[in-house]
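Step one of this worksheet: look at the structure below.
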2 protein chains.
Amino acid sequence: MAGLTAPLLGLERKSLREQALSALRTAITSGELEPGRHLVETELSEMLQISRGTLREALRQLEQEGLLSAGPRGRLSVRHLDEKEIRDIYAVRAALESLAARTLCELPDRQQVTESLHKAVDAMDAAANGTLEERIESDLEFHRTLCRLTGNETLLHSWESLEGSIRMSIMFAGLEKGVSNMSVDRHKDIVAAIDTGDATLARKTILEHMDTAAANLVA
Amino acid sequence: MAGLTAPLLGLERKSLREQALSALRTAITSGELEPGRHLVETELSEMLQISRGTLREALRQLEQEGLLSAGPRGRLSVRHLDEKEIRDIYAVRAALESLAARTLCELPDRQQVTESLHKAVDAMDAAANGTLEERIESDLEFHRTLCRLTGNETLLHSWESLEGSIRMSIMFAGLEKGVSNMSVDRHKDIVAAIDTGDATLARKTILEHMDTAAANLVA
DNA sequence: CATAAGTCGACTGTTTACAGTCGGTAGTGG
DNA sequence: CCACTACCGACTGTAAACAGTCGACTTATG
């Protein structure tokens, strides 16, 4: 955990709080802060080189994202996911993304959508031989794009609130398991289904994708 | 807005931050702080009788709940919803609650579920002649119960993250419009559908309910 | 030896005061 | 009228402090 990098190095435009937020998110979803780990404010603030006040704002946000769980007396620790919780998270994720797929099919101007999705899949292709982290990243970026393209800000926001939990699920399940459902082909199927404009088909394809993904994680 | 009550009056076990949180949530969803209103930290902290630091933690949380929107340089203001956003919110809400309905149908022990839902509907019946606020409250409580009974904490959490936006939608649309879709009968239909155990029917009933609710709000 | 009481330390909750920054606004002089 | 300056309001971030609480440890006592 000594490697929690100073937040100062990034772009100067982000507030310290946001920098701390990403640093902590990364630390947690990368396993640097292992599940169940107890977090001490003074320790973290010193480690991140920010004041306790600023840190606490970031912690509140992480708590609401489901990356931290609160114990008695405000004690925070890194959330630990069991298999049921992973299934639950993926059920919600499936509900959100199937809404996204359906919405995309019903959009008037689908040219832009098709184009962006193909670009996202291409990015996955490019990352296919990269590190595991790169593949996870491009995978999540694809699904985030799916939500963003709907133009439904609330949908995107809800998905992003879940993103941390999704990352933890993948991490918790052990990286080996998580790989199989990140195949580029399955995502091409999704894009193809959306391209047809058949909302029912698109929805079904996404749901199946989520099902196998969740099944792989808890297998 | 002078009526923002001191947060000290509630139960003593809640932290000041939580008290401020509910006070602000209430103030916003009740319209005491009107949409678009610019929030000044020092003003609010003085009004709520809490320090800026504590207040800021609460503001972060409200921001993530979608009740506040951030302008340039961290400027916060009460979020303003247009009709598209209300439709978007209800689309996400429908996705979540239809998942809830489906999940409830597939639950092994449905005795408890049926019982709790009937109690929630009874509460709506009891509130039917009460104030508009009481009716909204019992309505939301019904839908929250729907999500809670699934046992899917993530689903409940996602729904609760949306609750503030839902309240704003109802408020923004003008209370008159919002009343029609709060009829107890429609909710009895939902319970009945879930009682049959037919997931498809339950899902369809919820989706229709959400559709008409959203249509009423933006009509 | 077991237990009850007292003490200490670690944390969190919260407040206060202060430094720095940025943008808008009011004067002020040309 | 325009440009420059000075100032003010508001936000971000920081540092230092104090209270309350709870667990662990110690100690006295029967």
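For the numbers below, each heavy atom of this structure counts, side chains included, while hydrogens, waters and symmetry mates do not. Here is how names work: the chains are called A, B, and so on, in the same order as the sequence lines, proteins then strands, and each is numbered from 1.
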Atom [atom1] of [X] to atom [atom2] of [N]: distance rounded to whole Å?
X	N	atom1	atom2	result
B:Arg75	D:dT12	CZ	P	9 Å
B:Glu41	D:dG13	CD	P	10 Å
A:Ile50	D:dT12	CD1	C1'	12 Å

Quick test of your reading: applying ring-ring contact (aromatic ring centres under 6.0 Å, His included), list the pairs with at least one residue in residues 60-83 of chain B, sequence neighbours left out, ordered by first then second residue. B:His80-B:Phe172
Residues 20-57 of chain A vs ring-ring contact (aromatic ring centres under 6.0 Å, His included), sequence neighbours excluded, gives none
How would you list, by chain and number, every residue that makes a side-chain hydrogen bond (donor to acceptor under 3.5 Å, both in side chains) with [X], sequence neighbours excluded?
X	answer
A:Glu63	A:Arg60
A:Thr42	none
B:Lys84	B:Asp88

Looking at residues 52-59 of chain A, who's got a heavy atom less than 4.0 Å off DNA chain D? A:Arg52, A:Thr54
Exercise: do B:Ser45 and B:Glu41 side chains pair donor with acceptor under 3.5 Å: no
By salt bridge (Lys or Arg N to Asp or Glu O under 4.0 Å) - contacts of A:Arg144 (at least two apart): A:Glu141, A:Glu163
Tell me, please, the opening and closing nucleotides of DNA chain C, 5' to 3', among those with an atom under 4.0 angstrom from a non-hydrogen atom of chain A. C:dC11 to C:dT14
With a 4.0 Å cut-off on heavy atoms, is B:Leu76 in touch with a base, just the backbone sugar-phosphate, or nothing at all? nothing
Which side chain to side chain donor-acceptor pair (under 3.5 Å) pairs, counting each pair once, include a residue from residues 97-106 of chain B, with sequence neighbours left out? B:Arg93-B:Glu97, B:Glu97-B:His143, B:Glu97-B:Trp159
